[in-house]
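Notes follow once the structure below has been shown.
Just follow the structure's listing: the first ligand is 1, and inside any ligand the first atom is 1.
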Amino acid sequence: MVDSADRQKVFSVIDSRFEDFVRELSEYTRIPTISAQGTRFQEGADATRKVLEARGARVRLMPEEGGPPVVIGEIVEEPSLPWVILYNHYDVQPVDPLDEWETDPFEPVVKDGKLFGRGTSDTKGNVVAQATAIQAIRDVAGRLPVNVRYFVDGEEESGSPHLPKFADAHPELFKGLGATIEAAGHTTDGRPVMSLGSKGILSVELGVRTAKGDQHSSLAAILPNAAWRLIAALRTLRSENGKILIEGFHDGVIPPDPEMLRYLRKNSADPLRYKEVYGVSEVFGGRTRYQRLKRFMYGTTCTIDGIWSGYTGDGHKTVNPAVAHAKLDFRLLPGQRPDAIFDKLVAHLRNKGFADVSVDKHSTFEPASSSIRERLPQAILAAVREVYRTEPLVYPWSAGSSTTWYFTRVGTPSPHPPGVGYDGSRAHAPNENIRLADARQSMKAIAATIMTL
Ligand SMILES: [Zn+2]
């Protein structure tokens, strides 16, 4: 625990170094580390090393067989102290459609109090912000009350396909009194957000072939149609109101923690706002804000991400297609296992008479959650009260998926604290940005969290 006079000094040091933060994040963002396209990994890893070394960490680039290096930066104050791990990633999402960017995605620009650029929010911004905050504590108080490990992945945006092997080979790197996983953000009106885990995900591709080749559509009177065949199979997976019909799909789901439900009741966010944000006519879940939030958090999904068959070009072609495909993803809750869900999906299709529909597994992330009563989430709560003078919006997990489970499975509680981003950060989309005011607050909140431990 760092005393209150020093805490104020740490916050002033963060203020005084804020311009350096913006400059260094801009430099870091200039490297186009797009994992989906396998570009500039080594340069991205070296830049990550530079950011962390400049702030007192001992850095190793650890090879991942077949993948980009994992960057590990450690500050060991005393070997017997507990560890806090800060997980982020230096890779980013592809930038297309490029013509929708108002500025070059890899030439960061400050405009109207925001910094624009790919990776500013997801998650290069958190790497620089957290390292700056922690360095400020060391400069003021001399040392940290814990040891710190920065864990910076190079392919999270591609589902971290090489992390399972890496995690099995190096379990010690995942163990600590807590790990922050990337970060939650801020609401549009600046309220900080914390979540206690991530939903899981299973992504698959379905395919069906009903003939050797496409036919003249007049033959459809007597021959099968692949698109209709696939649609019939898809319709067995989910009811019209969203209930997933795969046998045993919900087996093992852990019932909601009553304490998390209490936080959810106090959470002032309302999914109804997506009506305006996305121009949809309806938001499912119920008549009250709490019911809608509960469905958002505790609902599972079976989503058709893409579907194609036959002729979809200009004009019209009267064809009876021989093949049809769909990409699907399932968002899963703690207690569900993606591999088991995959097996159940295959069995379901077979049992419903669709053994001819092929299922390929694309990627998975396990669901994960932690108790809010653990030390790290409690420290984050206290830090938010100190820095923002308000309560954060608390979620049992983020509705998206991440690498959280690699930490929770070895007993490390893994909350997502408020980070540099906000609801309008447009992560994965054109014009990704952070608001500088949020970034400044999040740096103080991370510093306060560490100082509280
Ligand atoms: Zn992302």
Side-chain angles (χ1 to χ4, degrees), residues 25 28-29 31-41 44-45 47-48 67-68 70-71 86-98 100-101 105-106 108 114-130 150-163 179-186 193-195 197-203 301 303 305 327 329 331-332 362-368 395 397-407 414-435 438-439 442:
L25 173 56
Y28 192 25
T29 304
I31 304 159
T33 43
I34 303 172
S35 54
Q37 296 158 5
T39 57
R40 316 282 280 274
F41 283 140
T48 308
V70 172
V71 182
L86 301 134
Y87 172 89
N88 281 293
H89 54 88
Y90 61 86
D91 66 320
V92 299
Q93 285 278 332
V95 292
D96 47 299
L98 199 52
E100 287 183 23
W101 283 83
F106 297 113
K114 297 172 185 160
L115 177 67
F116 288 84
R118 174 58 91 228
T120 50
S121 107
D122 188 9
T123 60
K124 287 174 173 170
N126 291 319
V127 175
V128 185
Q130 292 171 351
Y150 301 99
F151 188 123
V152 196
D153 192 353
E155 54 174 6
E156 192 273 345
E157 299 292 13
S158 297
S160 302
H162 302 95
L163 199 62
T180 60
I181 306 298
E182 305 187 54
H186 297 78
V193 177
M194 170 168 86
S195 75
S198 320
K199 279 192 183 178
I201 190 168
L202 165 68
S203 303
T301 67
T303 302
D305 299 325
K327 289 183 198 283
D329 81 64
R331 296 278 175 183
L332 308 174
H362 278 180
S363 64
T364 62
F365 268 132
E366 301 274 349
Y395 292 91
W397 36 73
S398 78
S401 305
S402 187
T403 49
T404 317
W405 179 78
Y406 293 104
F407 297 88
S414 302
H416 305 201
V420 296
Y422 74 113
D423 280 349
S425 274
R426 302 183 58 83
H428 298 203
N431 304 311
E432 180 174 346
N433 71 94
I434 57 172
R435 297 186 300 202
D438 295 330
S442 84

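- Side-chain contact annotation: His416 with Glu182, donor-acceptor N/O pair under 3.5 Å absent.
- Nearest heavy atom pair, residue Asn431 against residue Glu100, reads ND2-O, 2.9 Å.
- A 4.5 Å side-chain heavy-atom check between Glu155 and Pro161 finds at least one atom pair inside the cut-off.
- A 4.5 Å side-chain heavy-atom check between Trp101 and Phe116 finds every atom pair outside the cut-off.
- Panel detail: the Zn ion (ligand 1) has protein N, O or S atoms under 2.8 Å away, 4 in number.
- Screening Lys124, Lys114, Arg118 against Glu432 for a salt bridge (Lys or Arg N to Asp or Glu O under 4.0 Å) leaves a single residue, Arg118.
- Side-chain contact between His89 and Thr403 is absent, with no heavy-atom pair separated by less than 4.5 Å.
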